[in-house]
Chemist: 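Below are the structure tokens for one structure; questions will follow.
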Amino acid sequence: MASIPTPQPVPIRLEGIVKRFDHNVKGRIAAVDNVDISVAPGELLTLLGPSGCGKTTTLRMIAGFEHPTEGSIFIGDHDVTRLRANERNIGFVFQNYAIFPHLSVFENVAYGLRVQGRPEAEIRSAVEQVLDLVGLGGYGTQQPHQLSGGEQQRIALARAIVFQPRILMFDEPLSNLDAKLRGQMRGEIRELQKRLGITTVYVTHDQEEAMAISDRIAVMNHGSVVQIDTAEALYARPCNAFMANFIGKSNLLPGQVLQADARGAQVRVLDQTLQCLQAAPEVRAGDAVRVVVRPEQISLAPGGGPGSASVISRTFLGEKTEYQVQAGTATLHAVAYGAGASARLAEGQAVQVVLPAEGNAIIRD
Amino acid sequence: MASIPTPQPVPIRLEGIVKRFDHNVKGRIAAVDNVDISVAPGELLTLLGPSGCGKTTTLRMIAGFEHPTEGSIFIGDHDVTRLRANERNIGFVFQNYAIFPHLSVFENVAYGLRVQGRPEAEIRSAVEQVLDLVGLGGYGTQQPHQLSGGEQQRIALARAIVFQPRILMFDEPLSNLDAKLRGQMRGEIRELQKRLGITTVYVTHDQEEAMAISDRIAVMNHGSVVQIDTAEALYARPCNAFMANFIGKSNLLPGQVLQADARGAQVRVLDQTLQCLQAAPEVRAGDAVRVVVRPEQISLAPGGGPGSASVISRTFLGEKTEYQVQAGTATLHAVAYGAGASARLAEGQAVQVVLPAEGNAIIRD
Amino acid sequence: AGLTGPATARAAETLNVYSIWPEPYAKPMFKAFTQETGIKVNFLRFSSGEALARIIAEKNNPKIDVLFGGPIETFAAGVENGVFQVYRPPSTKVLPDRFKSPGGYWTAIADDPLVFMTNTKFLKDNHLQPPASWDDLLNPAYKNMLQMADARTSGTAVTRIFSVLEVNHRDENKTFAYLKKLRQNVQTYTKSGGGGTIPIGLGQAGGGIFFIVDALETRDKGYDVTISFPKEGIGAAAEGIAIVKGAKHLDAAKKLVDWATSAKMQSLLAPNKINFVPANPQVKTEPGLAKILSTAHIIQIDDKYAGANRKRIVQKWVDEVLNAK
Amino acid sequence: MPSHSAKSAARDPFFSSILAVLWILLAFFVLYPLLRLFLRAFTTDSGTFSLQPLLKVLGNPDNVHAFGNSLLLAAVVGVGGTLLGFVYALVAGRCGLSPRWTRVIDTINLLPLISPPFTISIAILFSFGSRGLITYDLLGISRYSAYGFTSTAAAEIITYFPVSYLTLRPILAAIDPSMENAAFSMGASRWRVFRSMTLPLAMPGLLNAFLLLFAASLADFATPLILAGNQFPVLPTEAYLQITGQFDLQGGALLAVLLLLPAAVVYFVQRHWLAGRSYVTVGGKATQRSDVEIVAPAVRRLLITLCTCLTAMILYFYLLLLYASLVMAFGANSTFTLANYHTIFTDGREVIVDTLIIAAIATPLGGLYGMLVGYLVARRKFVGRHVLEVTTMLNYALPGTIIGIAYLLAFNDPPVELTGTAFILIACYIFRYSPTGIRATVALLHQIDPSLEEASESLGASSSRTFRRITLPLVMPAFFTGLGVMFIRSMTAISATIFLISISWNLITVRILENMTELALGPAAAFSVLVVVVVYVVLMLVARALASLRTQQGGRIENILGG
Ligand SMILES: Nc1ncnc2c1ncn2[C@@H]1O[C@H](COP(=O)(O)OP(=O)(O)OP(=O)(O)O)[C@@H](O)[C@H]1O
Ligand SMILES: Nc1ncnc2c1ncn2[C@@H]1O[C@H](COP(=O)(O)OP(=O)(O)OP(=O)(O)O)[C@@H](O)[C@H]1O
Ligand SMILES: [Mg+2]
Ligand SMILES: [Mg+2]
């Protein structure tokens, strides 16, 4: 792409951001409610959360399309809260693509470069390069209405990255692409972002995509940030039940703390004693808690006997098979990978359930 | 939802469907090229394929928004190729949602029922029920422009299913929803579809979604149907390299057929002898073929020794960890699930690779 | 034409005029004037109402020097609005009283009698004689087939109404009774005095009452129309000229008024086929025109009476005739 | 898609300076003249301000009657003209006509708009009068009166419907076919789809067209002057007569002021209607075209027949005009002659040149002005937005006579002595005839998702660049409409012009009017034909130039002269 000197990466900081809208029934709602987020220079931070939780609204405020009702936004050292969008130098991929319907594919992508007044030859080569990158080489002269949904989305992507802004914002940029292309595109985005050190905020509804692409992930719910951390930390130590279920699937098994200290706790769950990580605030012996057990950590083996459970349902999903298992009063979700014996359990079959012995997270809500 | 007597499920049949468009550079291209598909009454068939492969175009022709350049479309016993869209009685979820911007959420959803002239009370209860179903209870009086991307998509969904059409068509109906909601919605769609026996054509780019929801899947590429079958069959016996890589990930390992008969073949791959399923057309001893090995079927164990391989890269993805492994000249993709020892291999580490002994598919392209 | 700068501030010996006489009439007059005096005349042509409305609106900073032509009605209204200045040209002495403003604001340059004009084919189709009496126009054969001017906008109409008044010895009851009956036959009252001539020429309407200039013009164009006069008599209206108060070229303006009221200009009317009757008694009426007029019984409309009652009568006409249900 | 973003004016220099300039211009060319007029209207003879004159005017039952007539006429013309324009827009945009036929319809339908003053009225008189070519010669009806409400309304509808057509065509073109398709797929009949999708989605266009037509009819004095006859007095004519007949400027001004009321009511009703609803159909996702036939074949035939008949009639009116320009004396002497053309090209040379110069200057300025105001009003939030919007409509909603007088009062005396210059004519045109462009732009912008402009800004483009590169091309059809109407009006305006022409600057239309009153139908017709030809040639050239400009960027939006 264009070869101007890479700009210095800049940090982004949101302080106490609130955005209220009028809702016809619910009255004045806070679509974004007191959000504090810091994005380090050159970092890729993902906003993840259920539909309607305020991701797009947050992103639009950073980009300057919407002004916060309260709070401040800093880019670098500058308070940009009241700055206009075109003064922020942000590449934005819109959830609805926002393809210019009157411009050809080429002109759509070239737009940002033309604004910067780059020479024609440079524009031409940069655009062709990025079109190849998104798999649309040769589509330059097509009109937007002649493109498929995914093709349009890729144009939106190409348009935002080609002019190498100081900051990139992606609002579900890959939602209409197939898994393969999505994987490839997210690789490209990540590679480019790292190479150029562009501070990036990425919105997705796809947990896997979030984990694969992000330095850190901010999970939002109902307009607030629930937890910000790296993918592994979020997975290993969800801070509450919402988190436990939102990033990956969880079985939240009720248990009783047998004994606890600063390093950890022993919890009795389903007649098994599990070694768990300490929670914050700390739990003490005797507390009733819930233990997070991931479906893939549960081993199922065919066979009845005392304390055995039974398979309620089975779903084949290619690389894995999902089960629902009734163990006492609890219904467990479990997964078996590959085509081994545990992948061939039938509905109604009696099984032995083994929970992971250690490293389990506790939640106390 | 509305309680009219369920209509008799109808089959759909496409015969030799071709649709050509003008492409500015490539000339006249066939977006859909000689497609034959039969959908059984009450079946849910998914069209799956890379972006731009012709899924939307196919769907639009079935719905009557576009006329095929060649070929015929049958719904039930009727040739509907030239029938108008409103005579086909099809619920359609558009890839771009096509929410009516001038109508409230309630009126958007109620539209189909109003067309059918249902009584007001019935409409009201049906709409409220379906809005609850898609998690948007209480949004009835909102205007579409006040909704988030995912919320709009759910309205589109609600609008198409509420009036219980004879046929349902979904064009990536869940692409803007998070995994959890997506899982839940596809469950609802499937349940509804089965209960009412509505013949359904479903377009998605998401392999997992396709597998979870479909009776059968038609995989398309470059305008043609590559393979139609159940999810398990497609996964187990991909007919070519494209299929092997498109549904799930594959290692396509070159091998030599040692011995073959109608039931199967023995193939020598990476110094291991694997029992494989016979391909069509059959392979014979001495043929050079490729064997499809799924990443999750490869076991990695720490440890060097003769024939050992080494880890090139590791990506943590929550429930699983992906590896690239160098085995001789071949680069293998492998996956380890859970948090066992094989999930903690480091980059550069020497590992032993074990391929699955039997049930492997062969491709001979 | 320059994009900016008022046109008035041009060469010294020019004169700016609004002409109510149409261009084909005004142009040869001004041309002759320029030849005679070397003063160039810039003029714009407006209908009488528009011309006066402009002059009134421009009162504080007049753009023109002279208002040329047009019924003295208009001039009287102008005097009321205080837009003219007193000037009595030399020929005032020879003009009858009817042809000059009592205050000396305007002077007449021509006279214009009213006539009945009918479509000849219409007469024939309906087996009618050309109307020779005011009452002939009440014939139901004319129902919805007459066109004549609206008194609110047209001097023609006012002259017509006063003609009827005079014929009826200023008995307003009798007059308005007649006018109301006449209204039954009127298709439309046109906004300008000559507005009905072409429709009558084309046969859209059967007939009407017009100034002789307009009637003869219609006939000269080739339309088959018949001109006749009522035996009871019919009025005439004078055409005037006046200098605008605050005129920027006063001397030149005076020269134009002098010239227009002189025999010199008025003897140019006939050669230019302008069918006005010269106001200046020193000029002889063109024989053709004189011949037509010879059958006519032109009556005097008393200026004092007309001036004093005009507004009231017009309003009464509007209320009782025009808006009658 | 939370799209209704608030854009702060304060931090946008392009925007705030534009706004400032705009307000200064409006203050000077709209508010100030009207203020002068109002002062005049509400000042008693003793020189004090008073409502007494107004009460007097209102107390006159004739005026009240005329007011009622005006409302009736405006309502009928507004509804009739809007619907007729809509029918044409449907035929052009939804009936699958070939581009050539669309162009033919476009071309002919522009005629009434170009019609120099009174042409339609006169043609109606000659065709439908008691000896009319159609009523008498063709149908044998005699003594049919062409005067009155019906013919006035018909003439105004024919004269103004092209405005509605030009406003609505781009609106229909911009409706996303997937909306209609979605409705179809749910089993809705074509009629229902039309009723519940096409019609409501075109609502911004329909309401704006109605507003334009309603106000235009309310302000039109020329057509009723000729056609209304005596049974059907209307306010603008009364005002005109008051001023030019009774020389009662005050009374005339007061009558005219009354006209502002209904126009304002209509404006607020349409705003209220559109508020809080969204009509965005040009979203960020481009939609595929569709093969669906929106209009049923039978209806299609019906619509096309209807339009063909009306188009034929319009054509006939103008052939009549052409004929009149080529004979010695219409109806009396049918000898073929070019004398009339000779006359206009010798005597009329100067006015032709003057008219062209003024139109050439006023058109681009007025077009841009209309576009800009439309954009600001539809897209920007700033204090006094609605006041600005109303202000831009004022000169349009008042009869031209009144505007002419107001300008004369305001600009006749130093220090702002503009009378006698071309400047005053140009200013008058720009501020009187751009509302068509404004309303068309506003209507079209209602359909366009603001995220497109946001995308441009996020790519670093300034507001002005975004405006030029994104907004402008997207509302190009509305811009064309504004430009075309502006040019046509500059070539044909008469009512205000009468008071603003000067010895240095005289215009064709004034000459036409003059010729008419001089009974010189021939030259009047020849002038009219000339105007029509000039307008077509110029519009064609402009359309072509702009089209080629846009194809370089790969545009696809229709222009004023079709396809
Ligand atoms: N109107 C058109 N003119 C020209 N080409 C078109 C037109 N519509 C679609 N195409 C092309 O046809 C191909 C198939 O389009 P289609 O919309 O069916 O793809 P799709 O499978 O739905 O893809 P996606 O998953 O990206 O939505 C695309 O390559 C597209 O560019
Ligand atoms: N203009 C508006 N008026 C009223 N409510 C709005 C408006 N825009 C957004 N909302 C509401 O604010 C909430 C947050 O919207 P937002 O678009 O930020 O969600 P999101 O996290 O991007 O969701 P999705 O994943 O579905 O796109 C939603 O519930 C939405 O209904
Ligand atoms: Mg969103
Ligand atoms: Mg698609």
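Bear in mind the structure is a predicted one, so any value in this text is a computation, not a measurement.
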Chemist: Sort Ile167(B) into side chain, backbone, both or neither according to what part of it lies under 4.5 angstrom from a heavy atom of chain D.
Modeler: neither

Chemist: Looking at residues at least two apart in the chain, or sitting in another chain, which of them share a ring-ring contact (aromatic ring centres under 6.0 Å, His included) with Phe92(B)?
Modeler: Phe65(B), Phe94(B)

Chemist: Is the shortest side-chain heavy-atom distance between Val115(B) and Phe163(B) below 4.5 Å?
Modeler: no

Chemist: Rounded to the nearest 0.5 Å, what separation is found between the CD1 atom of Ile75(B) and the CZ atom of Arg166(B)?
Modeler: 6.0 Å

Chemist: Okay, side chain of Asn108(B), backbone of Leu103(B): is any donor-acceptor separation there less than 3.5 Å?
Modeler: yes

Chemist: Report yes or no: do Glu453(D) and Thr466(D) form a side-chain donor-acceptor pair below 3.5 Å?
Modeler: no

Chemist: Can you measure from CZ (Arg114(B)) to OH (Tyr111(B)) and round to the nearest 0.5 angstrom?
Modeler: 11.0 Å

Chemist: Could you tell me which residues in residues 192-199 of chain D have at least one non-hydrogen atom under 4.5 Å from a non-hydrogen atom of chain B, sorted by residue number?
Modeler: Arg192(D), Val193(D), Ser196(D), Met197(D)

Chemist: Please determine, by modelled atom types, if Ser224(B) and Asp33(B) share a side-chain donor-acceptor pair under 3.5 angstrom.
Modeler: no

Chemist: Is Leu168(D) close to Tyr88(D) at the side-chain level, that is, under 4.5 Å between some pair of heavy atoms?
Modeler: no

Chemist: Tell me which one of Asn34(B), Ile73(B), Thr81(B), Val32(B) satisfies side-chain contact (heavy atoms from CB on, under 4.5 Å) with Leu14(B).
Modeler: Ile73(B)

Chemist: Taking non-hydrogen atoms and a cut-off under 4.5 angstrom, which of residues 43-53 of chain B neighbour chain D?
Modeler: none

Chemist: Sequence neighbours left out, what passes salt bridge (Lys or Arg N to Asp or Glu O under 4.0 Å) with Arg439(D)? Give chain and number order.
Modeler: Glu389(D)

